[in-house]
Chemist: 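The structure's right below; bear with me while I get my questions together.
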Amino acid sequence: MNTIKKYVFYCIINVRHAHSWKAHDVAMASVVKREKMASVSEMYDVGWEEMRDKLRKWREDNCRNSEQIVDVGEELISEHASKLGDDIWIIYEQVMIAALDCSRDDLALTCLQELRKQFPDSHRVKRLSGMRLEALERYDEANKHYDAILQDDPTNTAARKRKISILKAQGKGTEAIRELNEYLEQFVGDQEAWHELSELYINEHDYGKAAFCLEELMMTNPHNHLYCEQYAEVKYTQGGLENLELSRKYFAQALRLNNRNMRALFGLYMVSTSVRSMSQSVQQTG
Amino acid sequence: MAGPELLLDSSIRVWVVLPIVFITFFVGIIRHYVTQLLHSDKKVDLEALSDSQVLLRSRILRENGKYIPRQSFAMRKHYFNNAETGFFKKVKRKVVPKNPMTDTSMLTDMMKGNLTNVLPMIVIGGWINWAFSGFVITKVPFPLTLRFKPMLQRGIDLLSLDASWVSSASWYFLNVFGLRSMYSLILGQDNAADQSRIMQDQMTGAAMAMPPDPNKAFKSEWEALEIVEHKWALESVEDDLMSTDLNFGTLFSRDIKSAAMF
């Protein structure tokens, strides 16, 4: 009995020891792992070519997953810079914009300096330095940068759009709308700008004009179900029987274009019930 | 006149036919790189750019106007075509006819084009004519009339020789045009070694550029827009939607892909 007790006691102590030892080791391991975990390629077991292709795919799809871009891009730049060849410049640009999003000023500055060294007179690089100033909230200097670009090349759309976004960042919604209108008068085909204008109008609750902008987008992209759905939502918000009927038609169109659009389906349901209740009340009063 | 079947010395093939091919090819590639070096950026005119976009918008309105409500379409048509205040009626652009002789930028462009394309062709054509003269190179596979003889058989004065037998100069010109597709394979599309395209551009260059007459373009766009009627595509969309099944069968069977990077 004694030996059994001793044995059991011995086991318990050992186990407890083992537990505490394990906890300590786990803590140590996690410290080590934290330093190792920074490496994307080891986490996902990918080579540098796959990382580069992934960055290209994100570039083409215009994704805004800035944290991922920063993680992948930073490693690519710091460790595989020589293997990238000429691709590295566009990766610098992509990573710089993502770094500004994630508030990584150090990384952004490094990328910008490399680009400036390689392309000293480029408007594109000037625009990037303007964007960095914007991120640091030095709006007046950024404005001066963009004005310099525009003096040199009045057709540069990127600089004009950055100026408008400065106004937006400063909260001057009406001025931004005015500038964007002037921009669109000259560059009628810029779809990104039309979309931005519709958003600005929605923020100002000017739904009629927002609907106009969305109509432009619908005309140029008749098969895009998202524009139909947004237009229908704006019409629904405007209210009034004709607008509701129009909205119902466009929700239906969005569903026809893409039957997986849940928002359109729900919108169709809401509009139909609203129309029904409205026509009922009209019947009752009229 | 079926001429005698000549048997040509095989050294002609090795020392004439193939060298001419290589010469043409490499001269083309050199031309491409030289053009790239001498290339100057064209300054884009803001007004011209804006006009072209407006015309594009009007064209889109004509084609896809049926996707927007009737009133919106009428609003836009009114904006463009109204008798007093319409864009196409009101806006008259000042047309400055671009005289090739006095317009400096076009002059330099023309000179550069001539230098890189026509000059090498003349020089090398002449050299080949001088160097490889006095014998026939090859036979074209189709029969030619006698009228082609002086053109294709330089330096050979045989009356009885079939016109299908050609000399080196014609083989050179054949190569110049034939190697176009090789250039697009090696140098990619839109390369400067593509001579025939450049010649086409020179001929239609004045007609293609917008600046010569935006007014005319406006007028034709106005006419086209006038006759367009609005036939709303969404007239019966709800019935169409209700008549078919929404097909939700596969909607939830696919696994949601995780947001992992790779």
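Naming: A, B, ... by sequence-line order, numbering from 1 per chain.
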Chemist: In this structure, are over 12 heavy atoms from other groups packed under 6.0 Å from Q191(A) atom CD?
Modeler: yes
Chemist: For each of P222(A), G189(A), A211(A), tally heavy-atom pairs with chain B at distances under 4.5 Å, and name the one with the top tally.
Modeler: P222(A)
Chemist: Side-chain contact test, heavy atoms from C-beta onward, threshold under 4.5 Å: evaluate it for L49(B) versus F187(A) and give yes or no.
Modeler: yes
Chemist: Quick one: pull up CZ in R57(B) and CD in E216(A) and give me the separation to the nearest 0.5 Å.
Modeler: 3.5 Å
Chemist: Side chain from CB out, backbone as N, CA, C, O: work out which of these in L214(A) comes under 4.5 Å of a heavy atom of chain B, or both, or neither.
Modeler: neither
Chemist: Check whether any side-chain N or O of Q53(B) sits under 3.5 Å from a backbone N or O of V188(A) as a donor-acceptor pair, and report yes or no.
Modeler: yes
Chemist: State the CD1-SG distance between I68(B) and C228(A), to the nearest 0.5 angstrom.
Modeler: 11.5 Å
Chemist: Counting heavy atoms not belonging to R64(A), are there more than 12 under 6.0 Å from its CZ?
Modeler: no
Chemist: Most heavy-atom pairs under 4.5 angstrom with chain A, which of D240(B), T244(B), L241(B)?
Modeler: L241(B)
Chemist: Does the side chain of E47(B) come within less than 4.5 Å of Q186(A)'s, by heavy atoms?
Modeler: no
Chemist: Do you know which of S236(B), S72(B), P69(B) has the most heavy-atom pairs with chain A at a distance under 4.5 angstrom?
Modeler: P69(B)
Chemist: Taking atom NE2 of H223(A) and atom OH of Y67(B), what is their separation to the nearest 0.5 Å?
Modeler: 4.5 Å
Chemist: Please classify the contact between L246(A) and chain B as side chain, backbone, both or neither, with a heavy-atom cut-off of under 4.5 Å.
Modeler: side chain
Chemist: Determine whether more than 12 heavy atoms belonging to other residues, nucleotides or ligands lie under 6.0 Å from atom CZ of R62(B).
Modeler: yes
Chemist: Is atom CG of D121(A) surrounded by more than 12 heavy atoms (other residues, nucleotides or ligands) closer than 6.0 Å?
Modeler: no
Chemist: More than 12 heavy atoms of other residues, nucleotides or ligands under 6.0 Å from CD of Q118(A): yes or no?
Modeler: yes
Chemist: For chain B, which residues of residues 149-161 of chain A have at least one non-hydrogen atom nearer than 4.5 Å to it?
Modeler: D152(A), P154(A), T155(A)
Chemist: Is Y231(A) close to chain B through its backbone or its side chain, or both, or neither, when contacts mean heavy atoms under 4.5 Å?
Modeler: side chain
Chemist: A quick test of your reading: do over 12 heavy atoms of other residues, nucleotides or ligands sit less than 6.0 Å from CD of E49(A)?
Modeler: yes
Chemist: Side chains of M75(B) and F212(A), heavy atoms from C-beta outward: is any pair under 4.5 Å?
Modeler: yes
Chemist: Within a 6.0 Å radius of atom CZ on R70(B), are there more than 12 heavy atoms belonging to other residues, nucleotides or ligands?
Modeler: yes
Chemist: Tell me, yes or no, whether the heavy-atom count around F266(A) atom CZ, taken from other residues, nucleotides or ligands under 6.0 Å, exceeds 12.
Modeler: no
Chemist: Between M219(A) and E63(B), does a side chain to side chain contact (heavy atoms under 4.5 Å, CB included) hold up when you go through it step by step?
Modeler: CA-CA 9 Å; M219(A) 266 201 314; E63(B) 288 174 9; over 6 Å; no
Chemist: Would you say the side-chain atoms of K249(A) pair up with the backbone N or O of E238(B), donor to acceptor, closer than 3.5 Å?
Modeler: no
